[in-house]
Visitor: 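Here it is, the structure, as structure tokens.
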Amino acid sequence: MKILTEQEKQEHYNATIKGGIKGAGIGLGVTLGLSLIAQRYSPNFRKLTLPIKAFLVSSGTSAASITLAERAGLEYERKKYGYYEPEKQISLQEKTSLQKTKDVISENRYSIATSAWALSIAGSLAYTYNNKYLSLSQKVVQARMYAQALTIVLIAAAASISVTDKRKPRAPAGQDYWKDLVAAEEKKINEIS
């Protein structure tokens, strides 16, 4: 286990903040651009109140900021410390299609959740649009509730995949996994010096 210095903590923090600011800029640009296009070409979007329009823009901005901040922090850690690769690694041909799917989902869980949220907003708006007994603001609130429910299910699924992630090597019963980690770290130290 490595104990981080204050400088390493600050570098990680700076990389994460830089990624978050970049994500906020991209998210704001994309969502503001989409809302301006919708304002011009969609009569239904023009009927929305200003707070709902602001919510849509701020949601996209926040999602992009959080996602890119997380990615920047992980990228910094991987550049600084590298990946832990056990000696016995399963080759790609030996993996089942289910394991390959889990790996892809595990690597891209935040992007999948954000995309599914955006698609669920659009889909639920289309679904509630046909209900003639609801006002426009009620339709938007109803669509948001459907999207939140789907997002909670996706986050729970991502958490369960993270818990059962097979990429993290696990020691068979009766073996000491920590010995492999110590040996790998000693090997790295010996290669450096």
Side-chain angles (χ1 to χ4, degrees), residues 8-80 83 100-163 165 167:
E8 289 173 328
K9 287 180 188 177
Q10 189 62 39
E11 288 173 354
H12 181 268
Y13 177 78
N14 291 342
T16 304
I17 293 296
K18 185 178 177 183
I21 291 170
K22 179 181 175 185
I26 290 171
L28 182 63
V30 169
T31 56
L32 199 56
L34 289 174
S35 67
L36 290 174
I37 291 170
Q39 181 71 24
R40 181 174 178 146
Y41 295 108
S42 173
N44 290 329
F45 189 82
R46 280 185 287 236
K47 291 179 188 176
L48 295 176
T49 63
L50 185 60
I52 292 176
K53 292 175 185 176
F55 167 75
L56 293 174
V57 171
S58 65
S59 296
T61 303
S62 299
S65 176
I66 291 167
T67 303
L68 288 179
E70 175 74 14
R71 285 189 176 184
L74 290 174
E75 184 179 332
Y76 170 80
E77 289 174 1
R78 290 174 180 157
K79 282 182 180 176
K80 183 85 172 171
Y83 289 95
K100 290 177 188 176
T101 304
K102 281 185 178 181
D103 288 346
V104 168
I105 291 171
S106 180
E107 286 291 324
N108 301 306
R109 60 181 162 250
Y110 297 119
S111 300
I112 291 170
T114 303
S115 301
W117 174 82
L119 288 173
S120 66
I121 281 282
S124 57
L125 274 172
Y127 175 72
T128 58
Y129 181 74
N130 294 329
N131 190 341
K132 59 185 175 185
Y133 301 109
L134 294 176
S135 68
L136 183 62
S137 61
Q138 289 173 323
K139 290 176 184 179
V140 171
V141 168
Q142 198 70 20
R144 195 191 91 208
M145 295 304 290
Y146 291 141
Q148 282 179 335
L150 178 65
T151 304
I152 289 170
V153 168
L154 287 170
I155 289 172
S160 67
I161 288 173
S162 294
V163 169
D165 195 358
R167 288 181 301 113

Visitor: At what distance, to the nearest 0.5 angstrom, does CD of E8 lie from CD of E11?
Guide: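 One finds 7.0 Å between CD of E8 and CD of E11.
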Visitor: Taking all heavy atoms of L150 and all of S120, pick out the closest pair and write down the distance.
Guide: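 Answer, listing the atom of L150 first, then S120: CD2-CB, 3.3 Å.
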Visitor: Determine yes or no for a side-chain-to-main-chain donor-acceptor pair under 3.5 angstrom, with S124 supplying the side chain and I121 the backbone.
Guide: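 Yes, S124 side chain to I121 backbone: donor-acceptor pair under 3.5 Å.
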Visitor: At what distance, to the nearest 0.5 angstrom, does CG of L56 lie from OG1 of T61?
Guide: 10.5 Å
Visitor: Between Q39 and K53, what is the shortest heavy-atom contact and its length?
Guide: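 That would be OE1-NZ, 2.7 Å.
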Visitor: In residues 64-71, what donor-acceptor pairs under 3.5 Å come from side-chain atoms, sequence neighbours left out?
Guide:
unit_1, atom_1, unit_2, atom_2, d
S65, OG, G20, O, 3.0
T67, OG1, A63, O, 2.8
R71, NH2, S111, OG, 2.5

Visitor: What residue pairs, at least two apart or across chains, pass side chain to side chain donor-acceptor pair (under 3.5 Å) with a residue in residues 12-28?
Guide: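 Output for this query lists Q10-N14, H12-E77.
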Visitor: What's the spacing between L28 CG and S62 OG if we round to 0.5 Å?
Guide: 10.0 Å
Visitor: When rounded to the nearest 0.5 angstrom, what is the spacing between OH in Y127 and NZ in K139?
Guide: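 Between atom OH of Y127 and atom NZ of K139 there are 12.5 Å.
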Visitor: Can you name the closest pair of heavy atoms from S35 and F45 and give their distance?
Guide: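 Taking S35 first and F45 second, the nearest heavy atoms are O-CE2, 3.4 Å.
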Visitor: Would you mind reporting whether L136 and L48 have side-chain heavy atoms less than 4.5 Å apart?
Guide: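 With C-beta onward as the side chain, the pair touches.
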Visitor: Assess the residue pair Y146 and T128 against the criterion (side-chain contact (heavy atoms from CB on, under 4.5 Å)); give the C-alpha distance rounded to whole Å, side-chain angles, the decisive distance to 0.1 Å, and a yes or no.
Guide: CA-CA 10 Å; Y146 291 141; T128 58; 3.6 Å; yes
Visitor: Is Y133 close to Q138 at the side-chain level, that is, under 4.5 Å between some pair of heavy atoms?
Guide: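 In short, these two side chains do not touch, never coming nearer than 4.5 Å.
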Visitor: side-chain contact (heavy atoms from CB on, under 4.5 Å) for L125 and N44? Distances and angles first, verdict last.
Guide: CA-CA 11 Å; L125 274 172; N44 290 329; over 6 Å; no
